[in-house]
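Since the structure comes first, as structure tokens, the remarks are kept for the end.
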Amino acid sequence: MKRSCAIVGCGKVGSTLARLMARAGYDLAGLASKSLSSAQKTGEKTNCDIFGTIPWEVTLLADVVFITTPDGKIEETCRDIAENSGFKKDAAVFHCSGSLPSTILSSAKSNNAVIGSMHPLQSFAAVGETENPFEGIVVAVEGEAAAVQIARDIAGALGGNCLTLKTEAKMLYHASAVVASNYFVTVQNLAVQLIKAAGIPEKDAFEVLGPLVKGTLSNIEKTGTVKALTGPIARGDVETVQDHVKAIQAWKPELLQLYKTLGRYTLPIAKAAGGLSEEAGRQMNRHLAE
Ligand SMILES: NC(=O)c1ccc[n+]([C@@H]2O[C@H](COP(=O)([O-])OP(=O)(O)OC[C@H]3O[C@@H](n4cnc5c(N)ncnc54)[C@H](OP(=O)(O)O)[C@@H]3O)[C@@H](O)[C@H]2O)c1
């Protein structure tokens with residue numbers, strides 16, 4: 001038999017979870033949000049008529065509680081529910097934050113609940129009414145063993161692939177996701193600025209750079225990062241690196257630090273790949289120094 005579930009915080013993630021959990025056959029025990037309108041809207045979409053603004057009134061009967069408020073409100077919301085004896089004994093209480101550990105839910109343990117976190121590695125910015133953003137994505141879970149098992153069941157039922165993390169590893173896992181996604185955008189933005197300075201209109205930039213970017217991603221997938229590295233640093237081409245530095249210095253000196261820093265962090269990768277001699281590495285390091 002599927003567990004019953006309550007959602008506290010009917011925003012982007014909470015309302016999507018409510019819709020998908022109901023679709024996957026879970027009973028919705030209740031929905032709560034800061035404003036009645038958010039809870040009501042989610043209730044109407046999921047045929048759940050138990051909704052309101054007082055979390056412990058809707059969590060009390062739930063086997064599983066998701067606290068999907070903004071990150072800064074999770075701990076306080078959990079504490080409020082626990083102080084009002086709002087968690088059922090043995091209930092599993094989760095949040096969905098990527099960076100915070102499950103231990104911020106420790107107050108729920110005073111109600112004999114178990115705690116965990118379940119983070120979908122996905123953007124919920126614009127989820128359509130019929131879409132399932134959990135389908136095929138990684139859902140990272142951590143926490144108490146009983147909670148982790150329940151989270152694995154739920155993630156699987158929603159179509160996600162579960163990845164179990166150690167609680168203390170969560171922050172670095174999240175930092176990795178930020179680098180892979182957000183800082184990738186920063187690097188692409190630098191590339192677009194450089195190609196614009198070379199006279200190619202921004203609207204055409206991705207047409208020019210896209211195949212290179214996609215090819216590199218495909219090489220990383222096939223061979224890993226070290227073998228996927230090509231270009232002047234990998235070849236030990238000191239003069240080209242020196243010329244880049246001069247050209248960027250003359251064009252936009254404020255972007256030079258970023259170019260140099262990325263270059264410095266590329267040096268050990270090139271060394272590991274075996275294409276960079278000690279001497280070429282030393283010279284490059286000088287040109288790329290702050
Ligand atoms: N957005 C994403 O792409 C994404 C991806 C992965 C994980 N997450 C995580 O998912 C969680 C929720 O994020 P979100 O993007 O869904 O946020 P969101 O759209 O801002 O929704 C948060 C909801 O919580 C409600 N709320 C705020 N304070 C509350 C309180 N004290 N008590 C009850 N409800 C309260 C809000 O109120 P109203 O009632 O006023 O609407 C809102 O509906 C966060 O932990 C976030 O890190 C988000």
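Start at 1 and go down the list; that is how both ligands and their atoms are numbered. Hydrogens, waters and symmetry mates play no part in the numbers below; they use all other heavy atoms, side chains included.
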Among Thr59, Ile7, Val58, which one satisfies side-chain contact (heavy atoms from CB on, under 4.5 Å) with Val65?
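One option only clears the test, and that one is Thr59.
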State which residue, out of Thr16, Leu17, Val8, Thr77, fulfils the side-chain contact (heavy atoms from CB on, under 4.5 Å) condition with Thr68.
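In the set Thr16, Leu17, Val8, Thr77, the residue that makes a side-chain contact (heavy atoms from CB on, under 4.5 Å) with Thr68 is Leu17.
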Answer yes if the side chains of Lys45 and Ser15 hold a donor-acceptor pair under 3.5 Å, and no otherwise.
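Lys45 vs Ser15: no donor-acceptor pair found between side chains.
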Are a donor atom and an acceptor atom from the side chains of Ser106 and Thr103 found within less than 3.5 Å of each other?
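Judged by distance alone, the side chains do not pair up.
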Could you give all pairs that pass the salt bridge (Lys or Arg N to Asp or Glu O under 4.0 Å) test and reach residues 132-147, with sequence neighbours left out?
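Non-adjacent pairs meeting salt bridge (Lys or Arg N to Asp or Glu O under 4.0 Å): Lys109-Glu144.
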Could you tell me if the ring centre of His244 sits under 6.0 Å from that of Tyr259?
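Judged by ring-centre distance (under 6.0 Å), His244 and Tyr259 do meet the cut-off.
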For a distance cut-off of 3.5 Å, show me each N or O of ligand 1 paired with any protein N or O, plus the separation.
unit_1	atom_1	unit_2	atom_2	d
ligand 1	3 (O)	Phe124	N	2.7
ligand 1	16 (O)	Lys12	N	3.2
ligand 1	16 (O)	Val13	N	2.8
ligand 1	19 (O)	Lys12	N	3.0
ligand 1	19 (O)	Lys12	NZ	3.0
ligand 1	34 (N)	Lys34	N	3.2
ligand 1	39 (O)	Ser33	OG	2.6
ligand 1	39 (O)	Lys34	N	3.1
ligand 1	39 (O)	Ser35	N	2.8
ligand 1	39 (O)	Ser35	OG	3.0
ligand 1	39 (O)	Ser38	OG	3.3
ligand 1	40 (O)	Ser35	OG	3.4
ligand 1	41 (O)	Ser38	OG	2.6
ligand 1	43 (O)	Cys10	O	3.4
ligand 1	43 (O)	Gly11	N	3.1
ligand 1	45 (O)	Asp71	OD1	2.5
ligand 1	47 (O)	Asp71	OD1	2.8

